[in-house]
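Throughout, protein chains are lettered first and strands after them, A, B, ... in sequence-line order, and every chain is numbered starting at 1.
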Protein chains: 2
Amino acid sequence: MATRPLKIILTEDDDPIRERLASIVGAWSGAELCASCSNLEETFAAIENREIDLLITDLRLPDGSGIEAIRALAGKHPNAEAMVISVLADERSVLDAIEAGASGYLLKDADSIDLIDAIKDVMAGRSPISSRIARVLVRRLSDRKAESGAEEIDRPTLTTRETDILWGIAKGFTYGELADKLAISRQTVPVHIRNIYRKLQASNRSEAVFEAARLGLIKL
Amino acid sequence: MATRPLKIILTEDDDPIRERLASIVGAWSGAELCASCSNLEETFAAIENREIDLLITDLRLPDGSGIEAIRALAGKHPNAEAMVISVLADERSVLDAIEAGASGYLLKDADSIDLIDAIKDVMAGRSPISSRIARVLVRRLSDRKAESGAEEIDRPTLTTRETDILWGIAKGFTYGELADKLAISRQTVPVHIRNIYRKLQASNRSEAVFEAARLGLIKL
DNA sequence: GACCAAATACCATGAACATGGTATGGGTGG
DNA sequence: CCACCCATACCATGTTCATGGTATTTGGTC
């Protein structure tokens, strides 16, 4: 990291704030401010033209969202990092920014942002995130787990043979083909299938496949 | 929050560290240190007996994981908060802690943890999280989005009638039942089914259901 | 602990019967 | 032209019933 200055793009539509951030970055010897943009258009141009290590961007811009800038950056410079500095703290903005590829997210109201520390963090593979923003991520992840854990469906247990057969009928094999593949008699196949029906409370092949898919017994 | 002191449980097996943290909390007028525990057993007892606002816990304890303490807290005091202070930064530990209900997660190696700030943060509904830990959450969320957005499959178009029929065979209806439900002739049903087979490149009911489920044409 | 019988679960088979799949026709309306 | 509808008929396939073999587990006795 200390080998060469970090090439940084800064995007922020509010002039005083942008100049303040720019002066902080400019005063640091570890960084080189490639572009200081006040809207999306300038940012796109900066992304197209230069080698970039880091994009620091606001979200609400006069001609669109900073998230689009992050997406453009990810497309053009996959190894570059992106960090958001915004007043927005709603779930939609935060999650969309993360999805687009942002690794850091600082709230503007944070008292005296330590920008250089944040830049060092994000370039070292960490994620500087304001505690209010982090709560959005935490809630999202704990909710996810909660809901996926809430589906307490007691799925019936199928024997290995039954699983083989089930996979076969999902693939559309006939009794004969199935018997061939499993090296058993053509007459044995239906017996397993019958047991499958009982366990899945189905009464024919298609219903069994449907239930199996619903219960996650076969991978689609 | 300023009305009454926060009732806090502190769990940390390393004596010097625990005493240092305890002294920090003790020196703050806004908190009351209800219990200072060095293992899981003591923590469980403290959770059972008292009113609690916040649990601050290490993860690696001599008799188990602090995550179990968090789960116990969530069961007994649903409105209480939990915060982790640990050296562990692996994905498993972090996500399990979040899932269990932790709202904050500080790395022990953080230079001079500002514990009081972190406590204020977590009790104000924010999530104080070290940047290295935050990266785990960010990666998790962006990966999720990436994989769910990657499914770009061009699924065939079914007519309304065909969709009806498809749903019917997934439910295991026979030709006759299907004809009855849709008020059409029993002989017409196979025609639609045949068209479905063509579009889905299937050759029988079960394979059609399987393909339809895989393509997301029927909701499980 | 060693032994054996009963119970259980899984796998297998053949024959009789019901259903599904396919190939023919053709007809209506947008 | 396409989506939808109806009809007849043949044959392959799926479904059910009745039955037996094998391995593992259970529980009791010596």
Side-chain angles (χ1 to χ4, degrees), chain A residues 151-220, chain B residues 151-220:
Chain A
E151 22 174 312
E152 281 302 332
I153 35 179
D154 41 328
R155 32 189 166 200
T157 304
L158 298 184
T159 70
T160 57
R161 214 35 158 204
E162 288 165 353
T163 304
D164 293 340
I165 302 264
L166 181 57
W167 178 84
I169 65 180
K171 284 291 185 185
F173 291 132
T174 155
Y175 278 43
E177 292 171 336
L178 216 34
D180 244 26
K181 283 189 187 294
L182 298 177
I184 59 179
S185 158
R186 185 187 180 287
Q187 317 302 331
T188 303
V189 178
V191 140
H192 296 297
I193 294 188
R194 204 163 136 60
N195 291 330
I196 294 175
Y197 291 167
R198 182 172 42 78
K199 291 181 179 176
L200 264 52
Q201 298 182 0
S203 57
N204 54 46
R205 296 162 80 99
S206 39
E207 192 178 0
V209 170
F210 178 71
E211 281 297 317
R214 195 173 63 79
L215 296 175
L217 290 172
I218 53 181
K219 54 186 175 195
L220 306 177
Chain B
E151 20 173 316
E152 281 302 332
I153 36 180
D154 45 325
R155 34 193 165 196
T157 304
L158 298 184
T159 70
T160 57
R161 215 35 161 202
E162 287 165 354
T163 304
D164 294 339
I165 302 262
L166 181 58
W167 178 83
I169 65 179
K171 283 291 186 186
F173 292 131
T174 151
Y175 278 41
E177 291 171 337
L178 217 33
D180 248 24
K181 282 191 187 295
L182 297 177
I184 59 178
S185 157
R186 180 200 171 81
Q187 324 302 332
T188 304
V189 178
V191 178
H192 295 298
I193 294 188
R194 222 161 121 58
N195 290 331
I196 294 175
Y197 292 166
R198 182 172 42 79
K199 291 182 179 176
L200 264 50
Q201 297 182 357
S203 57
N204 55 47
R205 295 162 84 98
S206 39
E207 191 178 1
V209 170
F210 178 71
E211 282 297 316
R214 195 173 64 78
L215 297 174
L217 290 172
I218 51 181
K219 54 185 176 195
L220 305 178

Test His192(B) against every option in Thr163(B), Leu182(B), Leu166(B), Ile165(B) by the side-chain contact (heavy atoms from CB on, under 4.5 Å) rule and name the one that passes.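 Looking at Thr163(B), Leu182(B), Leu166(B), Ile165(B), the match for His192(B) under the side-chain contact (heavy atoms from CB on, under 4.5 Å) is Ile165(B).
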Give the residues of residues 157-167 of chain A touching DNA chain C, defined as any heavy atom closer than 4.0 Å, sorted by residue number.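 Heavy-atom cutoff 4.0 Å gives Thr159(A), Thr160(A), Arg161(A).
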[X] side chain to [Y] main-chain N or O, any donor-acceptor pair under 3.5 Å?
X	Y	answer
Thr174(A)	Glu177(A)	no
Glu207(B)	Ser203(B)	yes
Tyr197(A)	Arg205(A)	yes

Send over the distance from [X] [atom1] to [N] [atom2], rounded to a whole Å.
X	N	atom1	atom2	answer
Arg205(B)	dT22(C)	CZ	P	12 Å
Leu182(B)	dC4(D)	CG	P	12 Å
Arg186(A)	dT13(C)	CZ	C1'	12 Å
Asn195(A)	dC11(C)	CG	P	9 Å
Ile196(A)	dT15(D)	CD1	P	11 Å
Phe173(B)	dA18(C)	CZ	P	22 Å
Ile193(A)	dC11(C)	CD1	P	14 Å
Arg198(B)	dA23(C)	CZ	P	13 Å

Using a 6.0 Å cut-off, check whether atom NZ of Lys199(B) has over 12 heavy atoms from anything other than its own residue.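 Enclosed: over 12 neighbouring heavy atoms sit under 6.0 Å from NZ of Lys199(B).
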For atom CD of Gln201(A), decide whether the heavy atoms of other residues, nucleotides or ligands shown that lie under 6.0 angstrom number more than 12. no
Determine: side-chain N/O of [X] to OP1/OP2 of [N], distance under 4.0 Å, yes or no.
X	N	result
His192(B)	dA3(D)	no
Thr188(A)	dC11(C)	no
Thr174(A)	dA12(D)	no

I'd like to check [X] versus [Y] (side-chain heavy atoms, cut-off strictly below 4.5 Å). Are they in contact?
X	Y	result
Leu217(B)	Leu200(B)	yes
Phe173(B)	Asp180(B)	no
Asn195(B)	Arg198(B)	yes

At their closest point, which heavy atom of Phe210(B) faces which heavy atom of Ala170(A), and how far apart are they? CB-O, 3.2 Å
So which protein nitrogen or oxygen atoms get under 3.5 Å of nucleotides 16-24 of chain D's nitrogens or oxygens?
{"residue": "dC17(D)", "atom": "OP2", "partner": "Arg194(A)", "partner atom": "NH2", "Å": "3.1"}

Base, sugar-phosphate or nothing for Asn204(B)? Non-hydrogen atoms, less than 4.0 Å. sugar-phosphate
Write out a two-atom table: protein N or O, nucleotide N or O from nucleotides 26-30 of chain C, distance below 3.5 Å.
none

Would you give the length of the straight line joining atom CG of Asp164(B) to atom CG of Leu178(B), rounded to the nearest 0.5 angstrom?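 Those atoms lie 8.5 Å apart.
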For the CD1 atom of Ile218(B) and the CH2 atom of Trp167(B), what is their distance to the nearest 0.5 Å? 11.0 Å
